[in-house]
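Below: the structure, in structure tokens.
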Amino acid sequence: MPAVSKGDGMRGLAVFISDIRNCKSKEAEIKRINKELANIRSKFKGDKALDGYSKKKYVCKLLFIFLLGHDIDFGHMEAVNLLSSNKYTEKQIGYLFISVLVNSNSELIRLINNAIKNDLSSRNPTFMCLALHCIANVGSREMAEAFAGEIPRILVAGDTMDSVKQSAALCLLRLYKTSPDLVLMGEWTSRVVHLLNDQHMGVVTAAISLITCLSQKNPDEFKTCVSLAVSRLSRIVSSASTDLQDYTYYFVPAPWLSCKLLRLLQCYPPPEDGAVKGRLVECLETILNKAQEPPKSKKVQHSNAKNAILFEAISLIIHYDSEPNLLVRACNQLGQFLQHRETNLRYLALESMCTLASSEFSHEAVKTHIETVINALKTERDVSVRQRAADLLYAMCDRSNAKQIVAEMLSYLETADYSIREEMVLKVAILAEKYAVDYSWYVDTILNLIRIAGDYVSEEVWYRVIQIVINRDDVQGYAAKTVFEALQAPACHENMVKVGGYILGEFGNLIAGDPRSSPLVQFNLLHSKFHLCSVPTRALLLSAYIKFINLFPETKSTIQEVLRSDSQIRNSDVELQQRAVEYLKLSSIASTDVLATVLEEMPPFPERESSILAKLKKKKGPGAVSVNELEEGKREGGELNGGGGERGGDNSTIAASNASTPSPSADLLGLRTGPQVSAAPPSAGSLLVDVFSEAGVNDDGFLSSAPPSAVSEDAAPPLPESNELLNKFVCKNNGVLFENQLLQIGIKSEYRQNLGRMYLFYGNKTSVQFVTFTTTVSCPGELQSQLNVQAKPVEPLIEGGAQVQQVINIECLGDFCEAPLLNIKFRYGGALQNLSLKLPVTINKFFQPTEMASHDFFQRWKQLSQPQQEAQKIFKASHAMDTEVIKAKLLGLGMALLENVDPNPENFVCAGVIQTKAQQVGSLLRLEPNAQAQMYRLTLRSSKDTVSKRLCELLAEQF
Amino acid sequence: MIGGLFIYNHKGEVLISRVYRDDIGRNAVDAFRVNVIHARQQVRSPVTNIARTSFFHVKRSNIWLAAVTKQNVNAAMVFEFLYKMCDVMTAYFGKISEENIKNNFVLIYELLDEILDFGYPQNSETGALKTFITQQGIKGQHQTKEEQSQITSQVTGQIGWRREGIKYRRNELFLDVLESVNLLMSPQGQVLSAHVSGRVVMKSYLSGMPECKFGMNDKIVIDKQGKGGTTDDAGKSGKQSIAIDDCTFHQCVRLSKFDSERSISFIPPDGEYELMRYRTTKDIILPFRVIPLVREVGRTKLEVKVVIKSNFKPSLLAQKIEVRIPTPLNTSGVQVICMKGKAKYKASENAIVWKIKRMAGMKESQISAEIELLPTNDKKKWARPPISMNFEVPFAPSGLKVRYLKVFESKLNYSDHDVIKWVRYIGRSGIYETRC
């Protein structure tokens, strides 16, 4: 039975607890607790006052019940009463109850704070400590508000006991972590820093935690701690193990304090003062020396403590990254640990080496351990250690050892843990690409990669290999051959089929000379995989087939047969069916010349940063640091020229060059225009695609509009909906301006300062040509003096299904409100068509975004406070109030969207300068959405009143 | 199929462990203990899935019975089996308790071998089991070969639940209709939900292989007869007939006959068994009405008045009446006054428990209580759990009536008239609650 000493034992509590422990079932326990709760309630309710002892006992029981997992909703008052007791045990139980049970918004908090205040000001150190512990345990904002001023005073006061100082330091740390804005050190800073010199090691240990935390936030204020920390550290390091008596742990002097000191130093750059630096280097050397000494004890605690200091010292050395000597020594020390039988040590050593590898001083030293690391990768039993070894291999890789490391990583991949395979694949792909001297090696490696871990090869990896093959003439033949061989395996991964399809489609001709890989053999090989693949791969293969027809006319009949088969031409998948139909038609109608043009070899991809790196960066992991390093290395080296980012190996790129894209809307157009579209030059084709794919997004209102307007030689009046059309283009520069049954007008524009260039694409949607096609752009009224518009003449004839382009140059002379008019006339089947549109040129196109801080913004806002400078509108939202959409629109407007300026995070604030030839007009914008009322308030201020008004009008239509 | 069966005591110690299939490892025993019995949060679902293994458990007082399987079995079948298992054990050694299980573990293993074969449930009829699994030890020398072969032929024969050649001097038959009535009523007296689940339990001591026919006032049967008979008869019987929502039968009942004629005919097992189970939801006679009145007087006081009214024939007597009035969690004192019976505040259950031994029909009784409350700083209101009630009445709340139970035995010379028949109705409370 529980031992109950006579003085402070509580017999009732002991009985209660043993009752609970003896309960046979949960139900019995709940019954016992209910009974006890009812008893306590009646006791607390009772009219006669309870003495301190029974109060303590009942509060204790409540606490016990609470800790068993039951709700307690009374007894708080009694606990608070206990705080004012003079007996230690009663006070202690009171504080315990409060730190466990009282939530911060309780109304008792004032009473509690009062009691704590009394205890803090008492001279009794135990009471002070109890109060400080309670503050730290509760740690709420209210506590911080009440005591954040008091505690630093206690901490630095000369007459405070050491134990209280310790508690005060830790309590302050806790408050600082919960509400940093309330803990203001101000004048105490230097005195807190000087606690590092305190006689009492406990105080130093507690204070250093506080200082580390504080100095991370404002390093400058605590700069002085560096020299103090260094001297303290050197005193500890140089002391004999017996000097520090209580603080020597298994023959290691003050290990915790040493670690904390080293960690504090990691918050700062190397000390500038030579003497301090010398002393620190000396310390670090001593620590490294001590690691070499034979252990003073065989106990595991001894080596743990020693190694903890050592690792902390090494991270400091890495952090400084300026002492080659130390770095190399650290590296050698870690090298010893690589073969240590303690798994944790091996792990830590590998991890630290990873960071060492990125330092220029120690990179070579790290490389000497390559054999050990490879060995670790192969033989290590612990998966996390293997992962670290792989990371380290990745980090230490350079041109000299790339082949070896990549080979090792590939072989490890076969047995690697599933969770890290994708990351490994990316790493191998990056290393292979980065250090490839010989591209056939690169192609081999990646194909191997797909073979070994096909499932984990992400899209980016195989896009990349295709980009590189296309951009490098010298490997194309080899790649085709290797891929052909790889495909001959009875079962190969789908990614391999994709790469194979693409490369053979492009470069199959390079190996067609060999009878073993004659065109038909190639085709049959690819087609044998066709039925095992998913839809996107099949689509890619179909594109490869049509390329085959171009490359090898002799395969035409076979491939047409395949395309014509029901499983293709009537495939349930729209994409596949469409491709089959289009390719079949293309192959049967178009002449060989046309085919050759349409299915030309892919042009080289533009140089871009590898998308694989971005992908690896996205995958979180400890390897991330070294990735960044690698990337930098890559820029220096500029090793690999293969470019081409996301556009990459997307299977639609083949199709894109012949103007039949996978985007559904564009495909519809392609269908209507039939094969003629392919007659358009490829460059225009891709632009067309761009325009049309935009159209897919925003053409809702357009398709049904605009009947052919009145037949007249004069310019027709602007279409009634042209104002609406204008509004669509306030926040964007590209899209479809107009569309009816005959004509589609796409627009692409760009603006720089007060100049703009607009490309208009007139697409003939019919199969009959348009003749005497003329366009004129005019500026009505006073717009003539505000805007200078020059349109290049356009070809008078547009073939059915074709598209012509017109360039319009625009110069903004002054601010303007109207839009220039575009008049289009042409004859379609003898009938004259005449229509007028407004060109979407609005004042906001000439915005230059301006970034400014909150302070600046409001200052300027106030400067523009004259009534005519401001234009304000309150209007109902006509679209959903989606923050992201609003942001996108505001950005499209051309102004800079300023974050964290407005005190209300719901509001949007923008700033920009309108550039005209005559002057510059600064404008500020504030948009206040009200989600409940579905209303906006838009306020614009700019130095010119007409600009404010016009912008306000334009914008009010947008939301 | 069931892969294994474990019995645990309340501490989670394994009392009985029988594994039928290889796919259930030894660790399954621990998995259930750790994840269900010792779970941090009480597991309320009777089916638990741990690492692709399903555990079906039932709890009898402090004993856990768990059936384990890796396959996708019919859960209803497993529970039916577990309940049968409980019945069998009760029939053999009385109450299921840790002590009884420990004392009879040999018997339990023997039973488990018999009623489950490779995880497939076998004959679990107590009467049949008792013929060959006995507690008297080996009776080999007393049991003749004939008897043994008789058992074999019975167990493997068509009528596995009854052996031939049973003889009684007095042919007697006891029939109990046991019902439990469940109710949830609003404070205003509106019935929110009510249903009766009933059982017809028989004890038969009949000679030979008698053919029995059981008839009750089932609406479908009465209506069918009513059509053939006079209109007057139909009108009269229509009132008394009851609509049975669903029912299940003992395996001895010929289901084909029930399907075609809706008549319940069977050759009964010897001894006690449950003939049928049924459920009704319409026209339930509620034996008691509870009228609560709760008034909050300030923050620290609560006045409760509860009136109960009995709603059946004055000649009948209800027994073991118990009304349970929940009290708030911050109750610090209770004063109770009641006219009849005894009432007491039970702190361990947070309720006032009012007990009345007997109460005749068409009477009413009331209790009033003053509850003192301790002010708390918790803002949340008391949830006011419903007032619940327990009782026992000598009639069937569903309105079920036994119309006849005929016994035919063509081979032996006794007729229906010679059989002494006893019928008894007992209506008990299930969950009988009134919100306050």
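Just so you know, these numbers use all the heavy atoms, side chains as well, and skip hydrogens, waters and symmetry mates. This is a predicted model, so every value here is computed, not measured.
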What is the distance from atom CG of B/Leu329 to atom CG of A/Asn34, rounded to the nearest 0.5 Å?
-> 7.5 Å
Heavy-atom distance under 4.5 Å between the side chains of A/Lys45 and B/Leu373, does that happen here?
-> no
Write down the atom of B/Ser332, the atom of A/Ser42, and the distance for their closest heavy-atom approach.
-> O-CB, 3.3 Å
Looking at CG of B/Asn350 and CD1 of A/Ile33, how far apart are the two atoms once the value is rounded to the nearest 0.5 Å?
-> 11.5 Å
CZ/A/Arg41 to CD/B/Glu372 distance, rounded to the nearest 0.5 angstrom?
-> 12.0 Å
Using non-hydrogen atoms only, which part of A/Asp71 is less than 4.5 Å away from chain B: side chain, backbone, both, or neither?
-> side chain
Would the number of heavy atoms belonging to other residues, nucleotides or ligands and lying under 6.0 Å from CD1 of B/Ile431 be above 12?
-> no
Answer yes or no: does atom NZ of A/Lys177 have more than 12 heavy-atom neighbours from other residues, nucleotides or ligands under 6.0 Å?
-> no
More than 12 heavy atoms of other groups within 6.0 Å of B/Arg435 CZ = no
Near B/Phe105 CZ, under 6.0 Å, is it more than 12 heavy atoms from other residues, nucleotides or ligands?
-> no
If you round to the nearest 0.5 Å, how far is CG of B/Asn9 from NZ of A/Lys24?
-> 9.0 Å
Might you point out which heavy atoms bring B/Leu374 and A/Phe74 nearest each other, and give the distance in Å?
-> CD2-CD1, 3.5 Å
Let me know if B/Asn330 has heavy atoms under 4.5 Å from chain A in its side chain, its backbone, both or neither.
-> both
Interatomic spacing from NZ in B/Lys346 to NZ in A/Lys35 - rounded to 0.5 Å | 11.5 Å
Is the backbone N or O of B/Glu349 less than 3.5 Å from a side-chain atom of A/Lys31, with the two atoms forming a donor-acceptor pair by type?
-> no
